[in-house]
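Take a look at the structure set out below.
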Amino acid sequence: AGRQGDWLDCACFARLAYSCMPGLRVTVDGEDVVAWCTAGCFIGLPLETGVHQIVLQPRLSPVRRVLLGVGLLPLVAAGAASVVECRHQRRQD
């Protein structure tokens with residue numbers, strides 16, 4: 001539910017003030033479009049005549065998902081070690 005845009009009276013290219021990044025899904029009126037990086041790493045995309053709804057959906061690439069999981073492993077291990085240590089100290093008291 002974004003704001004309604006202005007009517008385009010001819011086909012054009014739009015340069016969005018959002019950074020171009022890998023894994024970004026761009027849709028225009030509910031359909032995937034191929035966007036490209038313009039100068040300054042902004043998003044560029046073609047638009048036809050009319051009023052359009054543009055949606056940007058950032059997604060994690062498969063590599064970033066794996067790295068996120070690997071990065072969470074030490075946190076989980078530290079939490080488990082803390083629980084084990086607490087239980088061990090309770091038994092000694």
Discussion item. Show every salt bridge (Lys or Arg N to Asp or Glu O under 4.0 Å) that has at least one partner inside residues 50-65, sequence neighbours left out.
Written reply: none

Item to complete: Kindly say whether Thr27 contributes a backbone atom to a donor-acceptor pair with the side chain of Asp32 at under 3.5 angstrom?
Response: no

Worksheet item: Rounded to the nearest 0.5 Å, how far apart are CG of Leu56 and CD1 of Ile43?
Response: 5.0 Å

Practice prompt. List for me each residue that meets side-chain contact (heavy atoms from CB on, under 4.5 Å) alongside Gln57, sequence neighbours excluded, and say none if there are none.
Written response: Arg25, Val55

Worksheet entry | Pairs touching residues 52-83 that satisfy disulfide (SG to SG under 2.5 Å), sequence neighbours left out | none

Worksheet item: Mind checking what makes side-chain contact (heavy atoms from CB on, under 4.5 Å) contact with Leu75, not counting sequence neighbours?
Response: Leu72

Discussion item. List the residues meeting side-chain hydrogen bond (donor to acceptor under 3.5 Å, both in side chains) with Ser61, not counting sequence neighbours, and say none if there are none.
Written reply: none

Fill in: Which residues share a side-chain contact (heavy atoms from CB on, under 4.5 Å) with Cys12, sequence neighbours left out
Leu8, Leu47

Worksheet item: What residue pairs, at least two apart or across chains, pass side chain to side chain donor-acceptor pair (under 3.5 Å) with a residue in residues 67-86?
Response: Glu85-Gln89

Fill in: ring pair (Phe, Tyr, Trp, His ring centres under 6.0 Å) partners of residues 18-42, not counting sequence neighbours, each pair once
Phe13-Trp36

Fill in: Set of side-chain contact (heavy atoms from CB on, under 4.5 Å) partners for Val66, sequence neighbours left out
Val70

Response to the item:
disulfide (SG to SG under 2.5 Å) pairs touching residues 36-75, sequence neighbours excluded, are Cys20-Cys37

Worksheet entry | Where Asp29 and Val51 come nearest, the two heavy atoms and their spacing | OD1-O, 4.1 Å

Worksheet item: Are Met21 and Leu67 co-members of a hydrophobic cluster defined by side-chain heavy atoms under 4.5 Å apart?
Response: no

Worksheet item: Among pairs that include at least one residue of residues 63-82, which meet ring pair (Phe, Tyr, Trp, His ring centres under 6.0 Å), considering only residues two or more places apart or in two chains?
Response: none

Worksheet item: Looking only at heavy atoms, which two atoms of Ala35 and Val26 are closest? And how far apart?
Response: CB-CG2, 4.0 Å

